[in-house]
Engineer: 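Sharing a structure with you now.
Remember, it's a predicted structure, so these values are computed and weren't measured experimentally. Naming convention: chains lettered A, B, ... in sequence-line order (proteins, then strands); numbering from 1 in each chain.
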Amino acid sequence: MRSFGYTRPDSAQAAVAAFAAAGEGARYIAGGTTLYDLMKLDIERPAHLIDVTAIRGLDAIETGGDRLRFGALAPMSEVATNRTVLRDYPVLAESLAKAASQQLRNMATVGGNLFQRTRCLYFRNGAGGTSAGTTYPCNKREPGSGCAAIGGLDRGQAVLGQSASCTAVSPGDWPIALVALDAYVEILGAAGTRSLPVAELYRLPGNTPHLEFTLAPDEIVTAIVVPKTRAGRRSAYHKIRDRESYAFALASAAVALDMDNDTVRQARIALGGVATRPWRATAAEAALAGQRLTPDTAAAAGRAALTGAVPGRHNGFKIDLAQRTVADALLIAAKRTTA
Amino acid sequence: MNEEEGGAPAGVTRRTAIGGTVAVGSALLLLDAERVEATVQSSPPPRAGATLAIRPIVNGRAAPVTIDPRTSLLDLLRERLGLTGAKKGCDHGQCGACTVHVDGRRVASCLTLAAKTDGREVTTIEGLAEGDALHPMQQAFIDHDALQCGYCTPGQIMAAVACVREGNATDRPTIREYMSGNICRCGAYAGIVAAIEDVAKKGRRV
Ligand SMILES: Cc1cc2nc3c(=O)[nH]c(=O)nc-3n(C[C@H](O)[C@H](O)[C@H](O)COP(=O)(O)OP(=O)(O)OC[C@H]3O[C@@H](n4cnc5c(N)ncnc54)[C@H](O)[C@@H]3O)c2cc1C
Ligand code: FES
Ligand code: FES
């Protein structure tokens with residue numbers, strides 16, 4: 001690991017100022033479960049770490065009024081067990097509870113979670129890894145070096161949103177649930193504050209897969225805001241993994257249903273584990289609107305959600321799997337009562 | 001992480017560092033002076049290569065120590081403080097062998113920057129027993145044969161204690177879910193789950 005300077009300011013303003021003062025190679029660090037991990041692999045190489053975890057008041061969870069507001073530093077484990085979230089927004093609670101392990105959820109913040117990086121094996125094969133000896137080409141890790149996943153061992157790779165440069169999956173669960181609920185982030189930067197829909201934080205890989213987020217390097221996410229919706233109680237995060245727990249998604253679906261008896265007024269559907277960014281399935285939502293929810297209409301919505309999916313060599317199974325995941329998620333959510 | 005960048009200051013070998021817990025205590029005054037200086041010059045931030053003085057409370061005792069900021073909590077415990085109970089399995093948050101408690105919560109010490117533990121309470125497997133009396137979870141692991149080679153055991157026990165305290169040891173499926181961050185290469189899972197269930201059922205204070 002390269003050496004770095006370390007500082008831990010106690011306000012968001014001081015953090016932004018420290019970032020400017022640090023100059024080239026400055027990075028914010030929260031729980032460190034992504035950044036420190038990748039520094040050990042020599043994939044991330046910050047020259048300065050600005051630790052945001054001592055910033056006061058940035059870990060608050062507010063559930064009053066017409067929105068939920070999660071301070072960026074709230075640990076995943078706290079948000080996952082918040083009573084209001086559990087009762088009224090199971091999709092949010094489940095997306096966190098089914099991610100990582102309790103140890104990691106205690107360390108990781110809901111803000112840092114938005115910016116976790118892909119688990120693509122070729123990307124993680126950095127020079128600091130144990131298998132170094134051969135470092136595979138990866139356009140995300142070394143722009144212009146090529147993509148070893150395309151035509152390689154691509155079982156885990158994306159079937160939606162990939163490009164000729166990159167097929168790496170956007171790995172997070174929480175961002176999928178947030179995108180389904182039209183959440184947005186509050187941001188502080190040198191130029192002041194702004195807000196942005198979570199969906200707009202993520203870029204498609206295109207020819208520049210190393211550019212993943214739209215946030216400027218010096219900007220801090222201070223909070224994640226979820227507008228309240230009555231669809232929240234009829235929501236679910238359904239995650240299919242290689243093992244029952246403690247694994248990233250092969251396919252996942254975040255759904256929330258606004259129903260009039262059996263009929264869907266509005267469905268919100270987003271996909272994880274299969275796309276290069278959190279994937280809102282608008283075609284599937286449109287297919288369900290005004291329909292009775294039955295196993296057949298749920299299956300049709302699943303098929304619509306994977307419109308345009310393109311398999312690689314070993315990951316074609318993900319298309320069928322994701323279709324079924326969406327259908328099951330819809331049926332699970334529909335059974336949840338709104339009372 | 002290789003030996004060179006493992007966090008021990010230049011000239012301190014792993015061996016002297018392990019035996020160095022006593023020396024650390026006597027350097028307290030000097031280190032506190034350094035701490036003040038570090039706070040005052042917080043802008044611009046310290047350069048790469050600058051060391052950092054921190055003062056975690058480890059198993060109830062202050063452990064002031066000067067570190068390379070790259071140091072993980074796991075390496076600090078094992079290589080500087082001589083607490084080798086927490087194990088390094090993967091060094092990437094994937095196995096749970098390094099589990100310790102920070103301010104009462106279980107964490108993976110391999111992915112915790114030691115710098116973050118300044119002023120915080122760290123509890124390791126060495127801090128669990130009261131004198132010669134084993135902690136009920138340690139005893140339960142023995143009673144239920146919850147280990148084979150023992151490499152994962154300190155992490156399993158620290159995770160298990162937290163699992164009970166969190167209220168996540170209510171039944172077997174819940175125990176399994178909340179213990180999934182701890183991998184056992186020997187496959188002693190049946191005994192581990194039984195030990196945790198036993199402690200939780202008997203309502204023993206953990
Ligand atoms: C073994 C393992 C298993 C995992 N399994 C899962 C899983 O199943 N599902 C899942 O979703 N995730 C999983 N994760 C990923 C984990 O959830 C993320 O690493 C974590 O949420 C990142 O949060 P953090 O606070 O640790 O971020 P950090 O590592 O501190 O930061 C990550 C990135 O975000 C930036 N950042 C942090 N905070 C802010 C902020 N407030 N504003 C702007 N930028 C910020 C940092 O600069 C950095 O680039 C797993 C991780 C590990 C190690
Ligand atoms: S050594 Fe920390 S989780 Fe494996
Ligand atoms: S007892 Fe050997 S790894 Fe668990």
Engineer: Verify, without hydrogens or angle tests, whether B:R47 (side chain) and A:G5 (backbone) share a donor-acceptor contact under 3.5 angstrom.
Structural biologist: no
Engineer: Atom CG in B:D68, atom CZ in A:F4: separation rounded to 0.5 Å?
Structural biologist: 7.0 Å
Engineer: State whether the side chain of A:Y246 and the backbone N or O of B:Q94 hold a donor-acceptor pair below 3.5 Å, judged by distance alone.
Structural biologist: yes
Engineer: Give, as side chain, backbone, both or neither, the part of A:T33 having an atom under 4.5 angstrom from any heavy atom of chain B.
Structural biologist: both
Engineer: Listed by chain and number, what are the ring-ring contact (aromatic ring centres under 6.0 Å, His included) partners of A:Y89, not counting sequence neighbours?
Structural biologist: none
Engineer: Without swapping roles, check the side chain of A:N106 against the backbone of B:R106 for a donor-acceptor pair under 3.5 Å.
Structural biologist: yes
Engineer: Checking heavy atoms, do the side chain of A:P75, its backbone, both or neither come under 4.5 Å from chain B?
Structural biologist: side chain
Engineer: Could you pull out the closest heavy-atom pair between A:A47 and B:A48, with the gap in Å?
Structural biologist: O-CB, 4.0 Å
Engineer: With a sphere of 6.0 Å drawn around CZ of B:R61, does it hold more than 12 non-hydrogen atoms of other residues, nucleotides or ligands?
Structural biologist: no
Engineer: Under the side chain to side chain contact (heavy atoms under 4.5 Å, CB included) criterion, do B:C163 and A:Q102 qualify, and how do the steps go?
Structural biologist: CA-CA 9 Å; B:C163 183; A:Q102 186 71 355; over 6 Å; no
Engineer: Measuring heavy-atom distances to chain B, does A:L49 have an atom under 4.5 Å in its side chain, in its backbone, in both, or in neither?
Structural biologist: side chain
Engineer: Only heavy atoms, only distances under 4.5 angstrom. Which residues in residues 176-192 of chain B are near chain A?
Structural biologist: B:E177, B:Y178, B:S180, B:G181, B:N182, B:I183
Engineer: Looking at every non-hydrogen atom in both residues, tell me the closest pair between A:Y6 and B:L52 and how far apart they are.
Structural biologist: CD2-CD2, 3.5 Å
Engineer: Need one label for A:D37: side chain, backbone, both or neither, based on atoms under 4.5 Å from any heavy atom in chain B.
Structural biologist: both
Engineer: Do side-chain atoms of A:K40 reach the backbone of B:C110 as a donor and acceptor pair under 3.5 angstrom?
Structural biologist: yes
Engineer: Tell me which of these, B:L113, B:N168, B:T112, has more heavy-atom pairs under 4.5 Å with chain A than the rest.
Structural biologist: B:L113
Engineer: Please check: side-chain N/O of B:K116 versus main-chain N/O of A:A30, any donor-acceptor pairing under 3.5 Å?
Structural biologist: yes
Engineer: Give the minimum heavy-atom separation between A:Q103 and B:A159, together with the two atoms involved.
Structural biologist: NE2-CB, 3.7 Å
Engineer: When heavy-atom pairs shorter than 4.5 Å are enumerated against chain B, which of A:R105, A:K98, A:M107 gives the highest number?
Structural biologist: A:M107
Engineer: Output the distance between atom CE (A:M1) and atom OG (B:S72), rounded to the nearest 0.5 Å.
Structural biologist: 7.5 Å
Engineer: Which bit of A:T81 is near chain B, if near means a heavy-atom gap under 4.5 Å: side chain, backbone, both or neither?
Structural biologist: neither
Engineer: In Å, rounded to the nearest 0.5 Å, how long is the span from CD1 of B:I54 to CZ of A:R8?
Structural biologist: 9.0 Å
Engineer: Counting neighbours of CZ on A:R56 that are heavy atoms of other residues, nucleotides or ligands and sit closer than 6.0 Å, is the number greater than 12?
Structural biologist: no
